[in-house]
Number of protein chains: 2
Amino acid sequence: MAIDETVRLDSFRDFIREHGLKNTHQREEIARWFLGVNGHFSAEQIFAQVREIEPGIGFSTVYRTMRLLCEAGLVQERHFDKGEALYENLSAHHDHCICTECGRIEEFENDQIESLQEAAAERLGFSLVSHRLELYGLCRNCR
Amino acid sequence: MAIDETVRLDSFRDFIREHGLKNTHQREEIARWFLGVNGHFSAEQIFAQVREIEPGIGFSTVYRTMRLLCEAGLVQERHFDKGEALYENLSAHHDHCICTECGRIEEFENDQIESLQEAAAERLGFSLVSHRLELYGLCRNCR
DNA sequence: CTGGATGCAAAAAGTTTGCACGCGC
DNA sequence: GCGCGTGCAAACTTTTTGCATCCAG
């Protein structure tokens, strides 16, 4: 995990360099923090966390850097059932199971479902690029 | 479909009455229009359409009525990959296949996937209430 | 008549943009 | 030094709310 984080951070630095951009302090700190966590965070949460490390940081820089991380293919922006965007590290693919009561999010993967999806898209004449599967229900503690 | 629409409209009227609310002109027109269409519409689109029938209508009334329709279980609010909310009639369950190029949305259903989802949720200790499955890809015309 | 519903405008919430200054390269 | 990046504030977009008035029951 620490290793993976380092690899991903390097991959972000490469992305920056390859695109003729600059590797600033702020980008470095946002990426370092975000690539090291698991879960789903809003821009506001990321801002709050990174501000503890880099006090002068601005909101826009968070948005701008998160967009960069998305373009670099390291992060994905998601909209669960609210309007607000949540960012998530993109590594191995997985789907989400969300508790409607307490908001707890579990991740899972299921190859059988994946291949049925592929087939379903094909039947509609689509070539499948990606998908989104979210299960909503009550978790162990809430039901 | 015309029959179904009438049933659903009556069901909305019942919901209103049972909750001690009032069956206003505006609610009636919004519900009548929306329950009669297929597809996914933003508040703005609904507003524009209903305004042709009921010119004086306000934006807030659209939002308020759509919320009522959701509470009545007749409509669902969805967020595809943008922040903006889209409303959809909730009748038979189906999932969505979305073209990332032209935005075309196809609906489908697949019982095999449904039961695998049930099993996957169970394995995580969740009792499944609902789910959301969206396939993204290129449609026949765009690929 | 009376309380909920409406339309408007203002406020919120979330996100983007313009701009002058600052700092990587 | 040049030009991209930053922070700030203002603008924008989408949705919600406060309030005076209106109208359904």
Side-chain angles (χ1 to χ4, degrees), chain A residues 12-34 40-72 75-88, chain B residues 12-34 40-72 75-88:
Chain A
F12 183 52
R13 293 193 188 113
D14 290 347
F15 178 86
I16 285 179
R17 203 166 312 127
E18 283 162 18
H19 288 248
L21 305 174
K22 292 176 180 174
N23 187 11
T24 66
H25 214 217
Q26 292 91 326
R27 285 182 178 164
E28 186 76 10
E29 290 304 338
I30 293 171
R32 187 196 300 285
W33 183 79
F34 191 80
H40 309 80
F41 298 89
S42 66
E44 196 168 352
Q45 293 173 309
I46 298 168
F47 175 65
Q49 289 299 317
V50 177
R51 190 162 47 169
E52 311 227 319
I53 305 165
E54 187 79 19
I57 204 153
F59 227 112
S60 354
T61 302
V62 171
Y63 276 111
R64 290 189 274 229
T65 303
M66 293 317 291
R67 188 189 299 157
L68 263 192
L69 283 163
C70 291
E71 284 166 9
V75 168
Q76 193 167 23
E77 180 181 332
R78 300 185 139 271
H79 293 263
F80 293 99
D81 256 358
K82 307 197 175 53
E84 183 188 51
L86 297 184
Y87 298 92
E88 152 184 320
Chain B
F12 182 51
R13 294 194 187 111
D14 290 346
F15 178 86
I16 285 179
R17 203 167 311 128
E18 284 162 18
H19 288 248
L21 306 174
K22 292 175 177 173
N23 188 10
T24 64
H25 213 215
Q26 292 92 326
R27 284 182 178 165
E28 187 75 12
E29 291 305 340
I30 293 170
R32 187 196 300 283
W33 183 79
F34 191 79
H40 310 80
F41 298 88
S42 67
E44 195 167 352
Q45 291 174 308
I46 298 168
F47 175 66
Q49 289 299 316
V50 177
R51 191 163 47 169
E52 310 227 319
I53 305 166
E54 186 79 18
I57 204 152
F59 229 107
S60 354
T61 301
V62 172
Y63 276 110
R64 290 190 275 230
T65 303
M66 294 316 290
R67 189 191 297 159
L68 264 191
L69 283 163
C70 290
E71 284 165 10
V75 168
Q76 193 168 22
E77 181 181 332
R78 302 184 137 272
H79 293 262
F80 293 99
D81 255 358
K82 308 198 174 53
E84 184 187 51
L86 297 183
Y87 298 93
E88 152 184 318

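Residue numbering restarts at 1 for every chain, and letters A, B, ... go by the order of the sequence lines.
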In chain order, what residues pass the ring pair (Phe, Tyr, Trp, His ring centres under 6.0 Å) check against A/Tyr63, with sequence neighbours excluded? A/Phe59

Partner residues of B/Gln45 under the side-chain hydrogen bond (donor to acceptor under 3.5 Å, both in side chains) criterion, sequence neighbours left out: B/Ser42

Which heavy-atom pair separates A/Ala85 from A/Glu77 by the least distance, and what is that distance? CB-OE2, 3.6 Å

Who pairs with A/Phe15 by ring pair (Phe, Tyr, Trp, His ring centres under 6.0 Å), at least two apart in sequence or on another chain? A/His19

Separation of atom CD in B/Glu54 from atom C1' in C/dG7, rounded to whole Å: 12 Å

Would you mind listing every salt bridge (Lys or Arg N to Asp or Glu O under 4.0 Å) that reaches into residues 41-58 of chain A, with sequence neighbours excluded? none

Side chains of B/Phe47 and B/Ile57: does their closest heavy-atom pair fall under 4.5 Å? yes

Contacts of type side-chain hydrogen bond (donor to acceptor under 3.5 Å, both in side chains), residue B/Gln26, not counting sequence neighbours: none

With ring centroids as reference points, do B/Phe80 and B/His40 lie under 6.0 angstrom apart? yes

So what is the end-to-end bend of the helix from C/dC1-D/dG25 to C/dC25-D/dG1, with 5 pairs used at each end and the value given to 10 degrees? 30°

Applying side-chain hydrogen bond (donor to acceptor under 3.5 Å, both in side chains) to B/Ser60 and not counting sequence neighbours gives none

The first and last nucleotides of DNA chain D lying within contact of chain B, meaning any atom under 4.0 Å from one of its heavy atoms, run from D/dT14 to D/dG25

Rounded distance [0.5 Å steps], CD1 in A/Ile53 versus CD1 in A/Ile30: 9.5 Å

Contact list for residues 14-32 of chain A, test salt bridge (Lys or Arg N to Asp or Glu O under 4.0 Å), sequence neighbours left out: A/Arg13-A/Glu28, A/Asp14-A/Arg17, A/Glu28-A/Arg32, A/Glu29-A/Arg32

Check each residue of residues 16-23 of chain B for a non-hydrogen atom within less than 4.0 Å of any atom in DNA chain D, then write out the ones that pass by number, or none. B/Lys22, B/Asn23

With sequence neighbours excluded, tell me which residues meet salt bridge (charged side-chain N to carboxylate O under 4.0 Å, His left out) with B/Arg78. B/Glu88, B/Glu134

Which nucleotides of nucleotides 12-17 of chain C have their base under 4.0 Å from a protein heavy atom (B), which only their sugar-phosphate (S), and which neither (-), written as one string 5' to 3'? --SBBB

